[in-house]
2 protein chains.
Amino acid sequence: MLSDRQRCILHAIVDNYIRSAEPVGSRTISKREGLGISSATIRNEMADLEELGYLEQPHTSAGRVPSTKGYRFYVDNLIKPQNLSEEELANLKQIFVDRITHVEQVIEQTAAILSQVTNYTSVVLGPEIFEHRLKHIQIVPLNEQQAVAIVVTHTGRVENTLLDLPQDIPPSEIEKLVNILNSKLKDVPLWQLRQRLYREVASEMRRHVEPYEEMLVTIEEAFKNEGTDRIFLHGRAKIINQPEFRDVEKVKDLFELLEQNDQLIKLFNNRETGLMIRIGQENSIDVMKNCSIVTTSYYVDGKPVGTVGILGPTRLDYAKVIAVLDYLAMGLSRILTDAFEGK
Amino acid sequence: MLSDRQRCILHAIVDNYIRSAEPVGSRTISKREGLGISSATIRNEMADLEELGYLEQPHTSAGRVPSTKGYRFYVDNLIKPQNLSEEELANLKQIFVDRITHVEQVIEQTAAILSQVTNYTSVVLGPEIFEHRLKHIQIVPLNEQQAVAIVVTHTGRVENTLLDLPQDIPPSEIEKLVNILNSKLKDVPLWQLRQRLYREVASEMRRHVEPYEEMLVTIEEAFKNEGTDRIFLHGRAKIINQPEFRDVEKVKDLFELLEQNDQLIKLFNNRETGLMIRIGQENSIDVMKNCSIVTTSYYVDGKPVGTVGILGPTRLDYAKVIAVLDYLAMGLSRILTDAFEGK
DNA sequence: TGTTAGCACTCGACGACATTGAGTGCTAAA
DNA sequence: TTTAGCACTCAATGTCGTCGAGTGCTAACA
């Protein structure tokens, strides 16, 4: 257990390092007002904190730098909620003023502003559409062999799939099929579509549609690729501003990571809802050992549907990022809920 | 006008520099077989070539480096068509083997392979859909105030727009509207939709649809945002491999450029069709002064619909890139033509 | 017993300086 | 016109000494 003074010193060190990006020495801390302690005492405490694993020393005659464990303690116990400045608030509000047309645009905007305000790389996932309910399905034949299946959700999202048609299907059969699908599957959440197709629609199809088997297989195609995760990145280049990434090699690995959407989705997909912070090695990917991720969830109608977050160096302005993320996630939730529920 | 020997020397210098990324000296060229000339002679010729603006010298006691003008002469006059190696061909063919589902996937794949084979950043634009013809339009009401308009083209592409409905529209009116639109506008190219709407559909609407004015404005919305250019990037991180981008600052500017889609589209949108090469300052953007762009068009049914290209350092393996681009653009054209015309 | 002043020590950063070598330009001879 | 030879240039590299921020330890102090 850390003493009050140790906590205080750790706090000061982390704060300082976050601002300066340079190892902080005992004198710097001692000069900080409020603590009437000499640098020698601080040195002793620092040595203790290092032994406990909260601090690290780049080399013998340098100041101290927080370790992953140090940052962890900092975010868990020392950070206090930060209020955003007038200016930042004004910046953030921008998004919520403009009229929304497409949901995608709001998300895109959010990512852009998030990155702009924090100066880190922003990542937004989602919104998930598994929970969305089927509003309408349509099949538009393009020629004898192909058709486009279009699924509209109650939130206004449109997904489409190219289908290969069985040989010699008259348009009338397709029309019948579409009618059955719309009457039977309306308001069904997308993730249930396939199972409901077999359980409830198949029998009806067998009676009215010919050729039954092939059509069933075809239409299943249309329900397959729903829910592909969407990912929005902004401010990739911001990483380069960080002094810890002056080395070209490190930047390279990170940029390679930023191109692999599947990896990113794994990293940012926030299984628990709410605020998540992963610091340095906690990310378990080697490239990320000098990086932290902060994410939070956003909601539609109270249900978590996506993730908004940032990627930055472990030396991250956690307090500010958390404040900004909270604010944005709240705003996003409100806007999306309004939009999806039809105001 | 350059003498044969000068051309030969210029050729050798550019070739060498492309491979080594280091200023090439007179001795290096003289040792190259085939030219029985001493290094002193080469030095004289080099001085001449420099005076003519084809070469540059980083500093007095260094070898020569091609200038923009030098590269330009090289690609215009010295390069000879290059055949791809067995291995590269095998790599490239990959894309064309797998069955296509969505057009997007083919494009995405093309960008990926292009970047992989060349080791430069690849950019694919399009395909343009202005020329695509309307196959079907559908309006799905989500609630009292909003609806989704869905436009399907004859190529199977689906575009959707969120519409604000006028107050109190009965579904029957919407249905009437959709019927009119489908009967009047079928097979019309997308870029003509708006003008045709006013010229041919408006009068019909006035007779059958109520409220006529508001509905006209609403439906126009749906035809507005068609043809948003699509851009696919791959291998951004590859830039960092280039020795000329060891400096973090230069990389930063470039990565910022790579995040601005509108800028990229301007750069890559190849107004003339066919092969285009822009070297260094020819790009007129300052960030690009050390970069070259090579693009070519791809076609559907003989009409250019998009651009495929790469972005790399001015010290670019032009011969190889041109060969790869030609091959890919041809393949892409074939696949897309097949897909769009329904085989 | 905890705190602090003092001091020797460490080590990266930085600048001065010499060395090296690839490459040039010029001159004079072939 | 070509080429051998030579003096010259200049980035790159390495070595060395200095500087200073920062430490750890010890001994004195409250």
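Every heavy atom of this structure was used, including side-chain atoms; hydrogens, water molecules and symmetry mates were not. Every chain is numbered from 1, with letters handed out A, B, ... down the list of sequences.
Considering only heavy atoms from C-beta on, B/R7 comes within 4.5 Å of B/L78 through its side chain.
B/L55 and B/M46 make their closest contact through CD1-O, 4.1 Å (heavy atoms, listed as atom of the first residue, atom of the second, distance).
An OP1 or OP2 oxygen of C/dT4 is reached within less than 4.0 angstrom by a side-chain nitrogen or oxygen of A/T41.
Surrounding CG of A/D76 are more than 12 heavy atoms belonging to other residues, nucleotides or ligands, all under 6.0 Å away. Atom CZ of B/R27 has 12 or fewer neighbouring heavy atoms from other residues, nucleotides or ligands inside a 6.0 Å radius.
Closest approach to the A/T28 side chain among C/dT4, D/dT3, D/dG22 is made by D/dG22 (side chain taken as heavy atoms from C-beta onward).
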Under-3.5 Å N/O pairs linking protein and nucleotides 27-30 of chain C:
none

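Residues of residues 45-69 of chain A having a heavy atom closer than 4.0 Å to DNA chain C, listed by number: A/H59, A/T60, A/S61. The stretch residues 2-22 of chain B comes close to DNA chain D through B/R5, each having a heavy atom under 4.0 Å from the strand.
Tested against B/R43 for a side-chain hydrogen bond (donor to acceptor under 3.5 Å, both in side chains), the candidates B/S30, B/S26, B/S38 yield a single pass: B/S26.
What separates CZ of A/R43 from P of C/dA5 is a distance of 10 Å, to the nearest Å. Atom CD1 in B/I42 sits roughly 12 Å away from atom P in D/dA4 (whole-Å rounding).
In this structure, CD in A/Q242 is found 11.0 Å from CG in A/L254, a value given to the nearest 0.5 Å.
For B/S85, the side-chain contact (heavy atoms from CB on, under 4.5 Å) criterion is met by B/E87, B/E88, not counting sequence neighbours. Partners of A/Y120 according to the ring-ring contact (aromatic ring centres under 6.0 Å, His included) rule, which considers only residues two or more places apart in sequence or in another chain, do not exist here.
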Taking distance alone, no hydrogens or angles, what donor-acceptor pairs closer than 3.5 Å link side-chain atoms of residues 287-297 of chain B to residues at least two apart or in another chain?
unit_1 : atom_1 : unit_2 : atom_2 : d
B/S292 : OG     : B/Y318 : OH     : 2.8
B/T295 : OG1    : B/N270 : ND2    : 3.1
B/S297 : OG     : B/G274 : N      : 3.0

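Of the N and O atoms on the side chains of B/E108 and B/H234, at least one donor lies less than 3.5 Å from an acceptor on the other residue.
Here B/S26 lies in heavy-atom contact (under 4.0 Å) with sugar-phosphate atoms only.
Salt bridge status for A/K69 with A/E282: absent, with no side-chain N to carboxylate O gap under 4.0 Å.
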